[in-house]
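A short worksheet on the structure shown next.
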Amino acid sequence: MVQQGTEASGVEPGGAESGVLKSDGLLEKDRRHLWHNMRPYRANDRPLVIVEAMGSWVTDHEGNRYLDGMSGLWCVNVGYGRKELADAAARQLQRMPYYPLTQSHLPAIELAEKLGEWLEGDYVVFFANSGSEANETAFKIARQYQQHIGKPLRSKFIARYRGYHGSSLGALAATGQAIRKQGYEPLAAGFLHVRPPDSYRRPEGMTAEAFQLLCAREIEERIIWEGEDTVAGVIMEPVITGGGIIVPDQLYVDEVRRICTEYGVLLIIDEVICGFGRSGRKFGHHNYGIAPDIVTMAKGLTSGYLPLASTAVKREIYEAFQRTGEYDHLRHVNTFGGNPAACALAMANLEVMEKEQLPQRAARLGEELLNGLKRELADHPYVGDIRGFGLLIGIELVEDRDSRKPAAAAIVQSVIDRCRAAGLIISKNGDTVAGMNNVLTTAPPLSSTDEDMAFLLTVLVESVQSLRQN
């Protein structure tokens, strides 16, 4: 049963007795006026109307409490209700609420320096509002950089099928999820795709090591076939997150880094979800020991409290723009990117992560959750694979383990619905590739208590095990 809490703030008095009436009226307004993200039309849709949140828990307008096993949209890394973050933003709003980064301001300077420390490298930072914008900025920087170093034909980007990089036309073109693109094409030109390093679905008889190398070297083949003087960059997440929690081996990442270096192709690492402690390290790529040329960030940068994103480039890339030609500078502007209040809040957010050692906590909680799921579900007839990367877990559901046929949408949704009925919010890799939206996902706040995690594990295991009755 959904956990019942005390009456949530902002809800008119009346309690459970009038909850249905209030619900009907509020949901009718929702249906009439609000267009939701990624939500198919249903005449009698009943989205959760969340009015309050604290720690890892959210409360709806009827007083029902849910453990947020998705950290909102993979972003509330430090948990809800952090007064120190709200106070940091409020102080900055009172002091100076806005100034564009056509000039400068103190919160942006401090945060850019701090991000360099977190990245453990010499990077220069450009601020934006969202992951999509951060990736769009990276594409523009990469193309113009290649021009500045005498490679004017280098305009193409290689990405991976099943990966996601954003919803704007360039970022969506980089995305390797066909369903996300349907109805919106043609998109930006110059984006190519290669197979993902999904060892679970490797060809029969091939070792995981051989398959990982095959996938990496497909990038090299594509560079050669397209013409190495035409490819500007490779973009990839450390692990494919929303596309199904696909975790590459070390040798794959090492090989991709080698290929990019050998051919003069910039390696862009999309840390929008994996970054800021989610992977068990400060950034996902730290788990593999590589140094990207460009790093894009959002979500966990502010733990979702305010919109903020950034594109960090190696100093030598930035210095290539220090030219005297009239149009040699980066001709890119963002009105709200680097908002002073968002930057001040982000600094407070990183301080919380450091003080509470949340990346290390994510590593421990993620390992315990992954081990628990494997212990309880590894032999389940509908469970094909269980994958994890820090506090980021995917359970691939199949109709039978021998054929590995992806589970039908109704089976996947039934688990999500059972979790929600028991007070747990999880998700799946929705609207990605036809027939492959069969991976349950969970990514709770890094600050989740041990009790929170025990609840998550229990509910998730029981919800998957209920499939035996179908």
Side-chain angles (χ1 to χ4, degrees), residues 1-9 48 50-60 63-87 245 273-282 299-305 345 348-377 386 388-395 416 418-427 440-464:
M1 296 293 292
V2 172
Q3 295 205 8
Q4 293 289 331
T6 58
E7 188 172 295
S9 63
L48 295 177
I50 302 300
V51 297
E52 201 169 60
M54 185 62 64
S56 297
W57 294 80
V58 298
T59 305
D60 71 12
N64 300 312
R65 298 178 68 243
Y66 303 86
L67 177 66
D68 184 1
M70 286 305 301
S71 300
L73 275 178
W74 324 76
C75 61
V76 188
N77 288 11
V78 301
Y80 296 97
R82 294 280 189 167
K83 185 176 183 297
E84 59 267 54
L85 272 61
D87 288 346
I245 319 298
I273 289 177
C274 294
F276 301 102
R278 174 64 59 189
S279 72
R281 300 284 297 273
K282 288 179 179 177
K299 292 188 184 290
L301 174 55
T302 63
S303 286
Y305 280 54
L345 186 150
N349 179 57
L350 298 183
E351 289 169 4
V352 167
M353 289 190 184
E354 291 176 340
K355 180 180 178 181
E356 299 182 11
Q357 297 185 318
L358 292 186
Q360 296 92 324
R361 181 168 183 79
R364 177 176 71 82
L365 295 181
E367 182 179 12
E368 291 174 356
L369 179 58
L370 183 63
N371 289 339
L373 290 169
K374 287 183 175 180
R375 181 177 63 250
E376 299 294 334
L377 298 175
I386 304 174
F389 187 64
L391 196 47
L392 180 65
I393 304 292
I395 303 174
I416 296 171
R418 286 179 185 274
C419 284
R420 176 168 158 176
L424 170 65
I425 297 171
I426 65 166
S427 191
L440 300 170
T441 59
T442 184
L446 315 186
S447 57
S448 297
T449 67
D450 290 355
E451 292 76 17
D452 292 338
M453 297 303 297
F455 175 80
L456 188 157
L457 175 61
T458 297
V459 172
L460 184 50
V461 166
E462 290 178 353
S463 298
V464 173

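Computed from a predicted structure; not experimentally measured. Along the sequence shown, residues are numbered consecutively beginning with 1.
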**OP:** Starting from the C-alpha separation in whole Å, work towards a yes-or-no answer on side-chain contact (heavy atoms from CB on, under 4.5 Å) for Arg65 and Val58.
**Re:** CA-CA 6 Å; Arg65 298 178 68 243; Val58 298; over 6 Å; no

State, to 0.1 Å, how close [X] and [Y] come at their nearest heavy-atom pair, and which atoms those are.
X: Leu358; Y: Ser447; value: CD2-CA, 4.0 Å
X: Trp74; Y: Ala443; value: CE3-CB, 3.9 Å
X: Cys274; Y: Phe389; value: SG-CE2, 4.2 Å
X: Leu369; Y: Met453; value: CD2-CE, 3.8 Å
X: Met353; Y: Pro359; value: O-CD, 3.8 Å
X: Gly423; Y: Trp57; value: O-CZ3, 4.2 Å

Subject >> Test log, rule side-chain contact (heavy atoms from CB on, under 4.5 Å), inputs Ile245 and Leu392 >> reply: CA-CA 8 Å; Ile245 319 298; Leu392 180 65; 3.9 Å; yes

Sequence neighbours left out, what passes side-chain contact (heavy atoms from CB on, under 4.5 Å) with [X]? Give chain and number order.
X: Ser463; result: Val415, Arg418, Cys419, Val459
X: Ser71; result: Val76, Arg278, Pro445
X: Leu48; result: Ile50, Asp60, Tyr66, Arg420, Ile425
X: Arg281; result: Ser279, His286, Asn287

Any side-chain heavy-atom pair of [X] and [Y] under 4.5 Å:
X: Leu373; Y: Ile393; result: yes
X: Leu377; Y: Ile395; result: yes
X: Val464; Y: Leu440; result: yes
X: Asn64; Y: Thr59; result: no
X: Ile416; Y: Ser427; result: no
X: Phe276; Y: Val78; result: no

Under the side-chain hydrogen bond (donor to acceptor under 3.5 Å, both in side chains) test, residues paired with [X] that sit two or more places apart:
X: Tyr80; value: Asp68
X: Ser448; value: Ser56
X: Lys83; value: Asp87
X: Thr302; value: none

**OP:** With sequence neighbours excluded, tell me which residues meet salt bridge (charged side-chain N to carboxylate O under 4.0 Å, His left out) with Glu84.
**Re:**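 Here the qualifying residues are Arg82.
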
Original post:
Does anything in residues 365-375 pair up under salt bridge (charged side-chain N to carboxylate O under 4.0 Å, His left out), and if so which pairs, sequence neighbours excluded?
Top reply: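 Sorted result for residues 365-375: Arg364-Glu368.
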
Inter-residue atom distance [X].[atom1] - [Y].[atom2], 0.5 Å rounding:
X: Asn77; Y: Arg361; atom1: CG; atom2: CZ; value: 13.5 Å
X: Leu460; Y: Glu376; atom1: CG; atom2: CD; value: 11.0 Å
X: Thr442; Y: Leu457; atom1: OG1; atom2: CG; value: 10.5 Å
X: Leu446; Y: Leu391; atom1: CG; atom2: CG; value: 6.0 Å

**OP:** For the residue pair Asn349 and Ser303, confirm or rule out a side-chain donor-acceptor distance under 3.5 Å.
**Re:**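 There is such a pair (donor and acceptor under 3.5 Å, judged by atom type) between the side chains of Asn349 and Ser303.
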
Subject >> Side chain Lys299, main chain Gly304, donor-acceptor under 3.5 Å >> reply: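 Absent.
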
